[in-house]
Amino acid sequence: LGSEINTHNYYFHMWLSAGLFALLFLLYMFGHNFYIALKLRNFTFLFFLLMFSLSLLTENVLVRMYGVFLFAVMNSLFYSNCKIDAGNGE
């Protein structure tokens, strides 16, 4: 098969290209971030994670550099904000 074939599902793509361990790590990363967002009641972070994880069901967003950059920057900002809030006792 040619390299132009696209799964249009990043979870399936991850499983096919990197294996079960990589897929489980990706799901763990999303699960951990969902847990942090819910625990600290950060609904903006929760909405970002929900929209991003749902978009991965229909498109391979993290295959392209702009998708990786968007996720890395936004997730880092939200995650660090949650850690700061948790440190302040909020």
**Student:** Is there a side chain to side chain contact (heavy atoms under 4.5 Å, CB included) between Phe69 and Met65? Walk through the geometry before answering.
**Tutor:** CA-CA 6 Å; Phe69 183 74; Met65 199 61 200; 5.5 Å; no
**Student:** If you measure from OG1 on Thr44 to CG on Leu49, what distance do you get to the nearest 0.5 Å?
**Tutor:**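 Between Thr44 OG1 and Leu49 CG, I get 11.0 Å after rounding to 0.5 Å.
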**Student:** Report the distance from atom OG of Ser76 to atom CG of Asn81, rounding to the nearest 0.5 Å.
**Tutor:**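 Interatomic distance, Ser76 OG to Asn81 CG, rounded to 0.5 Å: 12.0 Å.
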**Student:** Would you say Asn9's side chain and Thr58's backbone share a donor-acceptor pair under 3.5 angstrom?
**Tutor:**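 No: the side chain of Asn9 does not pair with the backbone of Thr58.
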**Student:** If Ile, Leu, Val, Met, Phe, Trp and Tyr residues are connected whenever their side-chain heavy atoms lie under 4.5 Å apart, and connections chain through other members, are Met51 and Phe71 in the same group?
**Tutor:**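 Per the 4.5 Å side-chain linkage, Met51 and Phe71 are co-clustered.
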**Student:** CG of Asn42 to SG of Cys82: how many Å apart, nearest 0.5 Å?
**Tutor:**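 Asn42 atom CG to Cys82 atom SG measures 4.0 Å (nearest 0.5 Å).
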**Student:** Kindly work out whether a path of hydrophobic side-chain contacts (I/L/V/M/F/W/Y, heavy atoms less than 4.5 Å apart) joins Leu54 to Phe48.
**Tutor:**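 The answer is yes; both residues are in one hydrophobic cluster.
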**Student:** Tell me, which pairs form a salt bridge (Lys or Arg N to Asp or Glu O under 4.0 Å) where one or both residues lie in residues 29-53, sequence neighbours left out?
**Tutor:**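 Not a single pair qualifies under salt bridge (Lys or Arg N to Asp or Glu O under 4.0 Å).
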**Student:** Name the residue from Asn75, Asn33, Leu70 that meets the side-chain contact (heavy atoms from CB on, under 4.5 Å) definition with Phe52.
**Tutor:**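 Only one of Asn75, Asn33, Leu70 forms a side-chain contact (heavy atoms from CB on, under 4.5 Å) with Phe52, namely Leu70.
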**Student:** Relative to each other, are the rings of His32 and Tyr79 parallel, tilted or perpendicular (30° and 60° limits)?
**Tutor:**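 Tilted: the ring planes of His32 and Tyr79 meet at 30° to 60°.
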**Student:** Looking at Leu62 and Gly67, what are the two nearest heavy atoms and their distance?
**Tutor:**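 Closest heavy-atom pair between Leu62 and Gly67: CD2-O, 3.6 Å.
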**Student:** Give me each pair satisfying salt bridge (Lys or Arg N to Asp or Glu O under 4.0 Å) with a member in residues 56-65, each pair once, sequence neighbours excluded.
**Tutor:**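 Matches after skipping sequence neighbours: Glu59-Arg64.
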**Student:** Using the rule that Ile, Leu, Val, Met, Phe, Trp and Tyr join whenever any side-chain heavy atoms are under 4.5 Å apart, tell me whether Leu77 and Phe45 fall into a single cluster.
**Tutor:**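 No; tracing contacts between hydrophobic side chains, which count when under 4.5 Å, never links both residues.
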**Student:** For residues 11-31, which side-chain N or O atoms pair as donor and acceptor with protein atoms under 3.5 Å away, sequence neighbours left out?
**Tutor:**
residue : atom : partner : partner atom : Å
Tyr11   : OH   : Ser53   : O            : 2.9
Ser17   : OG   : His13   : O            : 2.8

